[in-house]
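Just the heavy atoms: all of them, side chains too, but no hydrogens, waters or symmetry mates, feed the values below. Atoms within each ligand, like the ligands themselves, are counted from 1 in listed order.
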Amino acid sequence: MAEIWREERMLIDGRLVAASDGATYDNVNPATEKVIGVAADGTSTDMDGAIAAARHAFDHTDWADDLAFRVRCIRQLHEALTKHADELRASTVAEVGCPVALTYGPQLDAPLAGLPWVADLAETYHWETSLGFAEPFGMRTHRTVRREPVGVVGAITPWNYPVQINLAKVVPALAAGNTVVLKPAPDTPYGATLLGQVIAEHTDIPAGVVNVVTSAGHAVGQQLCEDPRVDMISFTGSTATGTRIMTAAAATIKKVFLELGGKSALVALDDADIDAVVTSAAFATTTHAGQGCANTTRLLLPRSKYRDGIAALAETLKTWPYGDPTDSSVLMGPLIREEQRQRVLGYIQKGVEEGATIAVGGGIPAHLPTGYYVEPTVLADVDPDSTVAQDEIFGPVLVVIPHDGDDHAVQIANNSRYGLSGTVVSASDERARAVANRMRTGTVNVNGGVFYGVDVPFGGYKQSGIGREMGVAGFEEYLETKSIAEGAR
Ligand code: NAD
């Protein structure tokens with residue numbers, strides 16, 4: 001692994017700066033419990049400065065109008081980040097506790113590789129579309145629909161996939177012509193401050209176009225949502241915080257784009273190869289220790305295969321490798337912090353109180369005394385309406401529920417306030433697809449398919465969110481629509 005790359009400073013109005021009062025807070029590695037460095041504990045004054053800079057850059061520079069320049073800047077950013085990928089990889093593993101193996105995919109390399117696609121999209125996008133002539137109320141008119149940036153975008157991000165999510169918001173927002181204030185999660189400041197450093201030192205992105213404000217608390221995020229100079233909030237995080245953000249943004253009628261929690265189902269139909277399902281469920285449970293919004297954390301097995309499936313899963317997970325995230329053979333590291341570990345253990349306890357049985361795991365692994373680890377855990381005999389079947393646990397905990405056929409499986413899968421993702425497995429592609437079509441979720445993987453891609457819209461139904469990230473839809477979230485009607489003789 002390369003040296004951990006640190007950037008303690010924020011980016012405000014083109015300058016890398018400490019907090020206005022000089023305060024910092026510790027950035028802790030969740031695998032070692034050691035402090036890897038500090039980050040600026042940004043103040044309300046810092047957030048105010050960042051918003052003012054973003055507003056000024058939007059209103060008084062030609063950033064919004066100079067598409068060719070924006071595209072050039074995004075290509076520079078891609079090149080510079082790619083050059084520093086190994087340092088960024090080391091920092092990501094250290095502050096997120098994510099397995100290094102995941103940085104070769106969705107944690108780092110995949111989102112980095114996607115940046116040129118966004119630049120290409122902006123370059124080839126139809127910013128104006130003619131609707132032709134019409135004669136409303138007898139007035140001959142030529143109509144044009146023009147797309148324009150929304151303005152100042154506040155981007156608020158979580159800690160679980162910080163580089164991916166920061167890039168998935170900041171880059172399309174910039175490509176669309178907006179200016180941005182990025183407020184990362186307190187646990188993962190470097191994923192954002194290093195982006196700030198690269199922008200300041202290796203690109204021509206003008207001062208104020210991108211600002212990064214870190215903070216140990218959430219108040220500066222709330223401030224960003226309330227400030228009337230901000231036009232839009234793009235948020236990824238929990239549904240509870242999403243509700244607070246929507247409420248805070250409501251007073252100034254900001255556009256809100258929300259990527260929230262999930263409790264996605266892996267549905268095995270009665271003709272599915274259960275061995276393959278078990279392997280897939282084991283990966284879904286353990287990948288990044290279950291700290292993914294789209295991990296399928298409810299397994300729906302046909303009743304006839306329920307007991308055998310759970311036994312096979314327990315056997316598989318008993319010997320599943322996990323631990324040190326710098327070890328390239330593991331896909332599961334620790335949870336982000338002790339508080340989160342206690343929350344996950346509390347859910348396991350709650351599941352047992354509500355009648356579930358622990359098929360495997362259930363506690364803190366004895367062989368990993370340091371780091372916020374929880375054993376891969378399977379809860380059987382779970383009532384689909386119980387707390388553990390309904391709440392997002394955000395740990396390596398799978399609940400297994402029996403079903404009595406395709407209709408029943410769809411009913412259980414949709415018995416959730418969330419609607420983010422899902423997986424369907426069947427020997428019949430047709431049957432699997434029919435079930436996928438009936439699932440009320442923003443993405444579904446069918447028979448080994450993988451939805452992830454820079455060109456694929458990702459997002460949730462119901463309380464999993466509003467809007468889509470990535471793809472053309474994700475780019476268009478950052479655009480306003482203006483209809484121009486020109487009198488024609
Ligand atoms: P969180 O909701 O606790 O925090 C997310 C961000 O919101 C952080 O930057 C935090 O500082 C900020 N925040 C908290 N309170 C705020 C407030 N009142 N006003 C403004 N900002 C505030 O989420 P987390 O624990 O960092 O991340 C885990 C959650 O994120 C899970 O629920 C997960 O499902 C969700 N998530 C969703 C997606 C998706 O694309 N749908 C992707 C990743 C994570």
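The protein non-hydrogen atom at the shortest distance from atom 28 (C) of ligand 1 is Phe394 CE2, 3.6 Å. Protein heavy atom in closest approach to atom 16 (C) of ligand 1: Thr241 CG2, 3.5 Å. Regarding atom 27 (O) of ligand 1, its nearest protein heavy-atom neighbour is Pro158 CB, 3.3 Å. Looking only at protein heavy atoms, the nearest one to atom 17 (C) of ligand 1 is Gln222 OE1, 3.6 Å. At the top of the distance list for atom 10 (C) of ligand 1, counting protein heavy atoms only, stands His218 ND1, 3.3 Å. The protein heavy atom nearest to atom 23 (O) of ligand 1 is Ser238 N, 3.5 Å. The nearest heavy-atom contact from the protein to atom 24 (P) of ligand 1 is Trp159 NE1, 3.3 Å. Summary of contacts: the protein heavy atom closest to atom 38 (C) of ligand 1 is Cys293 SG, 2.9 Å.
Distances below 4.0 Å separate heavy atoms of Thr236 from the following atoms of ligand 1: 5 (C), 36 (N), 37 (C), 38 (C), 39 (C), 40 (O), 42 (C), 43 (C), 44 (C). Proximity to Pro184 (heavy-atom distance under 4.0 Å) selects the following atoms of ligand 1: 9 (O).
Note: Phe451 and Phe458 have parallel aromatic rings, judged against thresholds of 30 and 60 degrees for the angle between ring planes.
Heavy atoms of Ile336 found under 4.0 angstrom from ligand 1: none, in either backbone or side chain. Residue-level proximity to ligand 1 for Phe458 is carried by the side chain, the only part with a heavy atom below 4.0 angstrom. When non-hydrogen atoms are compared, ligand 1 lies under 4.0 Å from neither the backbone nor the side chain of Ser215. Of all the heavy atoms of Glu392, the ones lying under 4.0 Å from any atom of ligand 1 belong exclusively to the side chain.
Listed for the Lys350 side chain is no donor-acceptor partner under 3.5 Å among the backbone atoms of Leu345. A side-chain donor-acceptor contact under 3.5 Å links Lys263 to the backbone of Val388. Put simply, the side chain of Lys462 gets close to the backbone of Ser416: a donor and an acceptor are under 3.5 Å apart.
The existence of a salt bridge linking Asp227 and Lys254 is excluded, since no basic side-chain nitrogen approaches an acidic carboxylate oxygen closer than 4.0 Å.
By the 4.0 Å heavy-atom criterion, Gly460 is excluded from the residues contacting ligand 1. A heavy-atom separation below 4.0 Å is found between Ile165 and ligand 1. Using a non-hydrogen distance threshold of 4.0 Å, Gly465 does not register as a contact of ligand 1.
A cation-pi arrangement is present between Lys169 and Phe257, with the terminal nitrogen or guanidinium carbon under 6.0 Å from the aromatic centre and inside a 45° cone about the axis.
For the pair Pro186 and Trp159, the minimum side-chain heavy-atom distance is 4.5 Å or more. Pro396 is listed as a side-chain neighbour of Met332, based on a closest heavy-atom distance under 4.5 Å.
Within 6.0 Å of atom CZ in Arg229, more than 12 heavy atoms from other residues, nucleotides or ligands are found, so the atom counts as buried in its surroundings. Heavy-atom contacts from other residues, nucleotides or ligands closer than 6.0 Å to CZ of Arg433 number 12 or fewer. Other residues, nucleotides and ligands contribute at most 12 non-hydrogen atoms within 6.0 Å of the CZ atom of Arg15.
For Lys183, a nitrogen or oxygen atom sits less than 3.5 Å from a nitrogen or oxygen atom of ligand 1, counting backbone and side chain alike. When only interatomic distances are considered, the shortest N/O to N/O separation between Thr157 and ligand 1 falls below 3.5 Å.
When only modelled atom types and interatomic distance are considered, Thr441 and Ser421 share no side-chain donor-acceptor pair under 3.5 Å.
Compare Leu420, Leu260, Thr188 by their heavy atoms: the one nearest to atom 37 (C) of ligand 1 is in Leu260.
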